[in-house]
Amino acid sequence: LAFYVLIITVMIAAGYDALTGASVILLGAGIGVLGSTVNPFATGIASDFAGTSLDDGLVLRLVLLVVGLVIGIAFVLRYAERVRKDPSRSAVASLRMEHLAHFSATADGAAEVELTGRHKVILGLFGLAFLVMIYGVIPWEDLGIEITTLWWWFPEMTASFLFFAIVIGLIGGMREGELTSTFVDGARDLLGVALIIGIARGITVIMNNGQITDTVLHWAEEALGDVGEAAFAVVMYLLFLPLSFLIPSSSGLATVSMPIMAPLADFAGADRSLVVTAYQSASGLLNLVTPTSAVVMGGLAIARVPYGKYLRFVWPLLAVLAGLTIVVLVVGAFL
């Protein structure tokens, strides 16, 4: 979420709009989840509950990732170029002046800044923070790679980012008061986003406490009892779509559904890795648009893009990605 202001500011300065900047992050990260290869929060947990190794079905997920990424990039580039040539064709053209005022890099009269050696060191540390995070969260042992696995989760990642933030602030020449006040100002900007995230999560709580999720899981178990392997993979994907709406958390969905869904693959003669791929691709697709997702609603709130306008913009891409996933699952069923 912290990237939205940075990327949108750059995109607007380059002649694009706020929706382009939001799409770069939201669709890029979302397609990455849809085609997860070693994502410990989705693929890792699901594989564990399904009783398969993390590398089972890895080829199918790589195809989803690469092809889906190419499709997503082409989709965003096509829209961005259209907006650059004619700003009136932007999906958020009516909000253009508001976005320019809010996201302009020189809104406060700031002068141009030269990229110094200190800035380069800071950018290097910024990139290193993400490399450290990636190393910490990937379950190397499950992949059969002889590298120490740290088994990081959110507390460890939070501590790492806080550490790098302090180091970057000190290298940037900030004194203690300036560093803490800057941190508080950044937190203040995300307060409204936090409230929206709470509301989005509240919908999920109501669905779970009302046993709506349990009812859907029961229907799914009855529907998948006696179908062919290819049909099983497709129906499983279609069933995971509403489940992903009810449970937007990828780890939560895996924990709740995999112990029930994965054994059904044995009755259909399908590989359990297909269930994992169907689950993560459905979860990834729905989490590009579902209003119960904190990432979607929080990101759009920061970008100041209305949810309805985003839906009208993104639905063609969703249809293409859904078709791609079904084709990949059917092919995987025959391999």
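Keep in mind it's a predicted model, so treat the numbers as computed, not measured. Along the sequence shown, residues are numbered consecutively beginning with 1. Side chains are part of it too, since the values below use all heavy atoms of this structure and drop only hydrogens, waters and symmetry mates.
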With no hydrogens and no angle check, is any side-chain donor or acceptor of Y307 less than 3.5 Å from a backbone partner on V289? yes

In Å, rounded to the nearest 0.5 Å, how long is the span from OG1 of T325 to CG of L64? 5.0 Å

Grouping ILVMFWY residues whenever side-chain heavy atoms fall under 4.5 Å, the cluster of V59 otherwise contains none

May I have the step-by-step check of side chain to side chain contact (heavy atoms under 4.5 Å, CB included) for T37 and T43, ending in yes or no? CA-CA 7 Å; T37 52; T43 315; over 6 Å; no

Can you check side chain to side chain contact (heavy atoms under 4.5 Å, CB included) on L19 and K309, steps first, answer last? CA-CA 9 Å; L19 182 55; K309 291 184 180 295; over 6 Å; no

Test: ring pair (Phe, Tyr, Trp, His ring centres under 6.0 Å). Region: residues 160-187. Which pairs qualify, not counting sequence neighbours? F130-F161

Go through the structure and list residues passing side-chain contact (heavy atoms from CB on, under 4.5 Å) with I171, not counting sequence neighbours. R118, V121, I122, L125, V167

Option from S257, S281, S283 for which side chain to side chain contact (heavy atoms under 4.5 Å, CB included) with F240 holds: S257

Determine whether V92 and Y310 make a side-chain contact, defined as any pair of heavy atoms from C-beta on separated by less than 4.5 Å. no

Looking at every non-hydrogen atom in both residues, tell me the closest pair between L54 and P139 and how far apart they are. CD2-CG, 3.7 Å

Residues two or more places apart in sequence or in another chain: which of them pass side-chain contact (heavy atoms from CB on, under 4.5 Å) with D56? T52, S53, S273

Test item: R61 and V276 side chains (from C-beta on) under 4.5 Å apart, heavy atoms: yes

I need the minimum non-hydrogen distance between A50 and M258, along with the two atoms involved. CB-SD, 4.2 Å

Please evaluate residues L288 and L318 with respect to the criterion side chain to side chain contact (heavy atoms under 4.5 Å, CB included), reporting the C-alpha separation (whole Å), side-chain torsions for both, the decisive distance (0.1 Å), and the verdict. CA-CA 8 Å; L288 290 175; L318 299 181; 3.8 Å; yes

Any residue meeting side chain to side chain donor-acceptor pair (under 3.5 Å) with T290, in chain and number order, not counting sequence neighbours: T292

Does W151 have more than 12 heavy atoms from other residues, nucleotides or ligands lying within 6.0 Å of its CH2? yes

Interatomic distance, F232 atom CZ to M261 atom CE [nearest 0.5 angstrom]: 8.5 Å

Mind checking whether F245 and W315 sit in one hydrophobic cluster, side chains of I, L, V, M, F, W, Y counted as touching below 4.5 Å? no

Show me the donor-acceptor pairs within less than 3.5 Å that the side chains of residues 24-36 make with the rest of the protein, sequence neighbours left out.
unit_1, atom_1, unit_2, atom_2, d
S36, OG, G32, O, 3.4
S36, OG, V33, O, 2.6
S36, OG, N39, ND2, 3.4

Please assess L253 against S244 for the test side chain to side chain contact (heavy atoms under 4.5 Å, CB included), listing each intermediate value before the final yes or no. CA-CA 7 Å; L253 178 59; S244 299; 3.5 Å; yes

Do L100 and I302 share a hydrophobic cluster, counting only Ile, Leu, Val, Met, Phe, Trp and Tyr and linking them when any side-chain heavy atoms are less than 4.5 Å apart? yes

So do M11 and I7 actually touch side chain to side chain, heavy atoms under 4.5 Å? yes

Given the rule that I, L, V, M, F, W and Y join up when any side-chain heavy atoms are under 4.5 Å apart, are V184 and L179 in one cluster? no

Taking C-beta and beyond as the side chain, do R89 and V83 meet within less than 4.5 Å on heavy atoms? no

If you round to the nearest 0.5 Å, how far is CG of L335 from CG of L60? 6.0 Å

If you take all heavy atoms of W140 and T148, which pair is closest and at what distance? CD1-O, 3.8 Å

Please identify each residue that fulfils side-chain contact (heavy atoms from CB on, under 4.5 Å) with T255, with sequence neighbours left out. I45, F49

Mind checking what makes salt bridge (charged side-chain N to carboxylate O under 4.0 Å, His left out) contact with E156, not counting sequence neighbours? none

My understanding is that a hydrophobic cluster links ILVMFWY residues whose side chain heavy atoms are under 4.5 Å apart, including indirect links. Using that, what else belongs to the cluster containing L62? L58

Sub-4.5 Å side-chain heavy-atom contact between S47 and D55: no

Answer yes or no: is there a donor N or O on one side and an acceptor on the other, between the side chain of H99 and the main chain of D17, under 3.5 Å? no

How many angstroms lie between atom CG of L131 and atom CZ of F126, to the nearest 0.5 angstrom? 11.5 Å

Hydrophobic clusters here meaning ILVMFWY residues chained together by side-chain heavy-atom distances under 4.5 Å, can you tell me if V70 and L317 are in one? no

So which residues get pulled into L115's cluster when ILVMFWY side chains under 4.5 Å apart are joined, directly or through others? L123

Only counting residues at least two apart or in another chain, list the ones meeting side chain to side chain donor-acceptor pair (under 3.5 Å) with R82. none

Side chains of S90 and R96: closer than 4.5 Å at any heavy-atom pair? no

Can you pull out every ring pair (Phe, Tyr, Trp, His ring centres under 6.0 Å) where at least one residue sits in residues 50-94? Sequence neighbours excluded, please. F75-F313, Y79-F313

Note: Y279 and A46 closest approach over all heavy atoms is CE2-CB, 3.3 Å

Counting N and O atoms only, with roles assigned by atom type, does the side chain of T9 sit under 3.5 Å from a partner on the main chain of F103, one being a donor and the other an acceptor? yes

Establish whether I134 and I145 are linked, either directly or via other cluster members, by ILVMFWY side-chain heavy-atom contacts under 4.5 Å. yes

Does T20 use its side chain to pair, donor to acceptor, with the backbone of Y16 at less than 3.5 Å? no

For the residue pair F334 and V330, establish whether any side-chain heavy-atom pair is separated by less than 4.5 Å. yes

Could you tell me which non-hydrogen atom of G68 sits nearest to which non-hydrogen atom of L324, and how far apart they are? N-CD2, 3.8 Å

Minimum heavy-atom distance between V137 and M157, given as atom pair plus value: CG1-SD, 3.6 Å

Gap separating the CG atom of L69 from the CG atom of L65, nearest 0.5 angstrom: 6.0 Å

Any side-chain heavy-atom pair from L6 and V10 closer than 4.5 angstrom? no

Would you check if the side chain of T149 reaches a backbone N or O of E141 as a donor-acceptor pair within less than 3.5 Å? yes

Before accepting this row, confirm whether a basic side-chain N of the pair R84/E81 lies closer than 4.0 Å to the acidic partner's carboxylate O. yes

